[in-house]
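Side chains are part of it too, since the values below use all heavy atoms of this structure and drop only hydrogens, waters and symmetry mates. Computed from a predicted model, the values in this text were never measured in an experiment. We count ligands from 1, going down the list as the structure has it; atoms in each ligand are counted the same way.
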Amino acid sequence: MTQPKKLFVKTYGCQMNVYDSERMSEALAGEGYVETDSPDDADMILLNTCHIREKAAEKVYSELGRYKGLKAEKPDLKIGVAGCVAQAEGAEIMRRQPMVDMVVGPQSYHRLPALLKQTGEGAKALDTDFPEEDKFEHLKARPKARRAPAAFLTVQEGCDKFCAFCVVPYTRGAEVSRPVERILREARDLVERGVREITLLGQNVNAYHGVGPDGADWSLARLIRALDGVDGLERIRFTTSHPNDMDDDLIAAHGEVAKLMPYLHLPVQAGSDKILKRMNRQHTAESYLKVIERLRAARPDLHLSGDFIVGFPEETEEDFQATMDLVRAVEYGSAFSFKYSPRPGTPAAERAQVPEDEKTDRLQRLQALLTEQQRALQDAMVGREVGVLFEKAGRLPGQMVGKSEYLHAVHVAGIEGQVVPGDLRRVRITESGPNSLTGELA
Ligand code: 5AD
Ligand code: SF4
């Protein structure tokens, strides 16, 4: 029997990349590869990269630099670069790092086994096409192995919004939604394998409009209502959304679908209408706040999360204060905030830039406010009872860790054996720590 070959996958960036990496590694399992945690004993290294900010993109080159020695020692080692840097800079990667054997863009993953065969003895393979076919249908079926209780499922990819700072419409291409039946099939398969919570993924997930079994276009709300009927599935989440695609039915679903969790990631990016306009966001601060108000009317305990960019070109202190005001008005349960990073090929990269120290200063002030809000909402959980989906053993003996409806990590001591991963239990929260909650079974 031949020894299995070893595959080391390193994933950067968003949850969609996490999902794609899983699917790629399953496809490569069909080629005889098993995953390893260390690049040192790998026969193939695959970097699944992110291009969203300059820092993320630069990581690829420094990581590749580290593999130079390995490749010299082991010329048969295959090195592949996948993801959004591959899409955006494929040819440049090949030129800057001649040890790379394969470059594959996010829409061509199903061609990975074929690409692999083209490499060897100095031959290289590059595929950054946007083919018509659904790559997920062509990636080899997942083996029936057990899965962790919470899983991702990509339902939509790409973006047609063209925010002035963002590379996604270029790297991931136009919006495409997967058909409803394929998603339902994949969801049932995940549940059979132990999954209890599914997060539907898409760069613009609430713009989902996949073809339904009746031949009509289904909205995300309709898809969620159908998933609500999948036996054994306990929780549904979705990320990430645009405020303009939050339609009436999706808002209503937050009050009506019991499996839909009361946590929503709804990026606004900035609070100044002038900046929102220059960002080409197509909404105002007020229209965003209106959407939040309606969501909270449907689901009063909803926790909100958001993305923010500070130091977008021409952002003044006054504009920045408008972002702070918006944050104060919403009270976020969690948030991600970034300094604006000019991306090649995007309109905003050409405009007058805010000095770096200004960006740093604004980011610090914004993050201080967001951390305070996050902490306040988390502390408010103490004394309350929440549902926890247990995922794994904790670091302390007998301890188990899971997630609440609001996506807080919850630790419960002394319950190993009583509770197994995949169990959903009521927990009374007794303590709030820096990054997690502690409680006891109710
Ligand atoms: N600079 C900084 N942050 C960015 N994001 C997207 N593009 C940029 C950029 N050029 C942020 C946005 C988006 C999140 C995924 O990354 O906040 O919602
Ligand atoms: Fe990028 Fe999101 Fe704007 Fe699309 S909606 S361009 S993915 S920030």
Check your understanding: Do R23 and Y109 meet the cation-pi criteria used here (NZ or CZ under 6.0 Å from the six-membered ring centre, within 45° of the axis)?
Key -> no
**Study point:** Nearest option to atom 10 (N) of ligand 1, as decided by whichever heavy atom of A335, S341, C163, G306 sits closest
**Key:** S341
Revision key, fill the gap. Atoms of ligand 1 under 4.0 Å from any heavy atom of Q269, numbered from 1 in the order shown, are 12 (C), 13 (C), 17 (O), 18 (O)
**Study point:** E89: side chain to side chain contact (heavy atoms under 4.5 Å, CB included) partners, not counting sequence neighbours
**Key:** H51, Y61, V85, E92, I93
**Study point:** Non-neighbouring partners of E234 that pass salt bridge (charged side-chain N to carboxylate O under 4.0 Å, His left out), sequence neighbours left out
**Key:** none
Revision key, fill the gap. Check: of Q203, R53, H265, min heavy-atom distance to atom 3 (N) of ligand 1 comes from R53
Exercise for review: Please check if the distance between the ring centroids of F238 and Y263 is under 6.0 Å.
Suggested key: no
Check your understanding: Does an N or O from F165, backbone or side chain, lie closer than 3.5 Å to an N or O of ligand 1?
Key -> yes
Review point. Does the ring centre of F336 sit less than 6.0 Å away from the ring centre of H265?
Key: yes
Exercise for review: Please could you name the atoms of ligand 1 that K339 approaches to less than 4.0 Å, counting only its heavy atoms?
Suggested key: 1 (N), 2 (C)
Check your understanding: Less than 3.5 Å between some nitrogen or oxygen of D307 and one of ligand 1, yes or no?
Key -> yes
